[in-house]
Participant: 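After the structure tokens below, expect a handful of questions from me.
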Amino acid sequence: MVASLVPKQTIRTRDPKDAAELLRRGGVVAFPTETVYGLGAAIFDQDAIRRVFEVKGRPSDNPLIAHIGKIGQIGLLASELSASAERLVESFFPGPLTIVVKKSEVVPSIATAGLTTIGIRMPKSELALAFLKECGTPVVAPSANISGRPSPTTWQAVLEDLDGRIDCILQGEPTDIGLESSVVDCSVEPPLLLRRGAVSIDELRAVVPSVRELASGETGAEKSPGLRHRHYSPRARVAIGTGLPEGFAGRAAFIGMQTPADVFAECLIVNSAEEYAASLFEFFRKCDRGGVELIVCGPVPETGIGAALMDRIRRAAE
Ligand code: AMP
Ligand code: MG
């Protein structure tokens, strides 16, 4: 890495060309996608990838997702593509779906945490695609937060966690979806949904009917080490419900689609599961800034994005 790029100050820009230039020179650059903000490094730059792990405090056994700006880049990253993987790419790229496939030898093992597979996604956000095309190389990017914290859905949230520790933030709008991508392991048959996201199991099965979900008791952690680590957590305790737990007298907040049964210091009523998903992580952060001790999350039906939403809420409540 170029010594001058050791950050003293995090550059903020709205120009994808400027952000891409910093990445090409060895920088680590946060950028918006339709899911959450990512923290990118060029996939063949092992020093930059090492810094991504360092600044996030990310366990080194947690693999990164490679983000591409052109479908053609899959051929560089994957050593083989199953028929299921091909069908998923045709239907859902660009979009909020990550496929896991056998990796090619050129991909450095630090990027995949030593796994022989690689997660690949092509975001559909226009700014993300403009940035990735300018980078001219696949970009590995985990979410641009300190590990364990809620993923950032605004550039301000990236700054809150990583100011002065990364080279650049490409500033865009708040992310549309607000939850991380669906992850499907296509290196096995039948393909396995490792992480729920905006592409639902029903949508996946409409294209590849054999896709299976993790069985109860199966965590996916053997296949996807990231699932083992604590995730999405505000400092406040998180509970699922519509009212305060018996005897709780501290500062509490509520988010959900129903009117809560008690009075809360902070209250956000959303009109749809989509709006709930888009608001959840920023609400968690707002509660932390306001010294909230307990966040009560109203439950939603587990269909469509509701399944991914309840997955994140349950993990935060663990
Ligand atoms: P993040 O980018 O922080 O949202 O985390 C990426 C998620 O994708 C984690 O849960 C990883 O375990 C998972 N993932 C990335 N690459 C692979 C892979 N090669 N095999 C299995 N899971 C992966
Ligand atoms: Mg993450």
Side-chain angles (χ1 to χ4, degrees), residues 28 30-41 43 49 52-68 74 77-82 85 88 96-105 107-123 128 138-153 157-158 161-162 166 175 177-188 191-199 214 218-234 277 280-281 284-285 308 311-312 315-316:
V28 297
F31 63 100
T33 77
E34 70 276 18
T35 59
V36 300
Y37 275 69
L39 181 61
I43 194 161
I49 297 177
V52 166
F53 280 97
E54 266 168 34
V55 298
K56 276 183 61 78
R58 185 176 177 97
S60 58
D61 67 353
N62 193 354
L64 306 178
I65 293 170
H67 291 68
I68 58 173
I74 295 173
L77 304 175
S79 65
E80 60 180 70
L81 219 54
S82 64
L88 293 176
L97 174 72
T98 297
I99 55 163
V100 171
V101 296
K102 297 228 164 66
K103 87 172 187 67
S104 74
E105 276 175 15
V107 174
S109 72
I110 184 175
T112 61
L115 297 178
T116 56
T117 55
I118 182 168
I120 305 174
R121 177 164 106 83
M122 182 174 181
V139 171
V140 284
S143 49
N145 53 300
I146 299 285
S147 269
R149 300 264 302 138
S151 296
T153 57
V158 178
D161 278 13
L162 300 174
I166 61 176
T175 60
I177 294 171
L179 302 180
E180 304 80 355
S181 60
S182 310
V183 178
V184 177
D185 185 355
C186 297
S187 73
V188 291
L192 176 62
L193 177 60
L194 290 171
R195 178 171 75 183
R196 292 171 168 185
V199 181
L214 292 167
E218 202 183 6
T219 63
E222 325 73 48
K223 296 298 308 290
S224 190
L227 296 172
R228 180 165 61 226
H229 300 293
R230 191 167 162 78
H231 259 94
Y232 322 116
S233 307
L280 181 73
F281 288 150
F284 280 177
R285 284 175 177 268
D311 168 73
R312 302 308 188 274
R315 287 171 191 274

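Read the numbers this way: they start at 1 and go in the same order the structure lists the ligands and their atoms.
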Participant: Pick out which of Val100, Leu81, Val101 makes a side-chain contact (heavy atoms from CB on, under 4.5 Å) with Cys186.
Facilitator: Val101
Participant: Between Arg285 and Asp161, does at least one N-O distance fall below 4.0 Å, as a salt bridge requires?
Facilitator: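 A salt bridge is present here (some side-chain N lies under 4.0 Å from a carboxylate O).
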Participant: According to side chain to side chain donor-acceptor pair (under 3.5 Å), who are the partners of Lys103, at least two apart in sequence or on a separate chain?
Facilitator: none
Participant: Could you tell me which residues satisfy salt bridge (Lys or Arg N to Asp or Glu O under 4.0 Å) with Arg121, sequence neighbours excluded, listed by chain and number?
Facilitator: Glu34
Participant: Compute the shortest N/O to N/O distance between Arg58 and ligand 1 and return yes if it is under 3.5 Å, no if not.
Facilitator: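 Among all N and O atoms of Arg58, at least one is under 3.5 Å from an N or O of ligand 1.
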Participant: Which ligand 1 atoms are under 4.0 Å away from a heavy-atom of Pro142?
Facilitator: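 In order of numbering, the contacting atoms are 2 (O), 3 (O).
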Participant: Only one of Val52, Ile49, Ile110 clears side-chain contact (heavy atoms from CB on, under 4.5 Å) with Val140; which?
Facilitator: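 Exactly one pass, corresponding to Ile49.
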Participant: Of Arg195, Glu180, Lys103, which has the heavy atom at the shortest distance from atom 1 (P) of ligand 1?
Facilitator: Arg195
Participant: Identify which of Asn62, Thr35, Leu194, Thr116 has a heavy atom lying nearest to atom 9 (C) of ligand 1.
Facilitator: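 The residue whose heavy atom sits nearest atom 9 (C) of ligand 1 is Asn62.
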Participant: If you define the side chain from C-beta out and look only at heavy atoms, does anything of Phe281 sit under 4.5 Å from Asn145?
Facilitator: no
Participant: Can you sort out which atoms of ligand 1 are near Thr117, meaning under 4.0 Å from one of its heavy atoms?
Facilitator: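 Those atoms are 18 (C), 19 (N), 20 (N).
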Participant: Using only heavy-atom distances, determine whether the side chains of Thr98 and Ser181 contain a donor-acceptor pair under 3.5 Å.
Facilitator: yes
Participant: Give the numbers and elements of all ligand 1 atoms closer than 4.0 Å to a heavy atom of Gly119.
Facilitator: 16 (N), 19 (N)
Participant: Using a 4.0 Å cutoff against the non-hydrogen atoms of Leu115, which atoms of ligand 1 qualify?
Facilitator: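 Taking each heavy atom of Leu115 in turn, ligand 1 has 18 (C), 19 (N), 20 (N) under 4.0 Å.
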Participant: So that I can check it, does any N, O or S atom in Ser143 come closer than 2.8 Å to the Mg ion (ligand 2)?
Facilitator: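 Checking the Mg ion (ligand 2) against Ser143, an N, O or S atom does fall under 2.8 Å.
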Participant: Give a yes/no verdict on whether any heavy atom in Ile118 is under 4.0 Å from an atom of ligand 1.
Facilitator: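 Within the 4.0 Å threshold, so yes.
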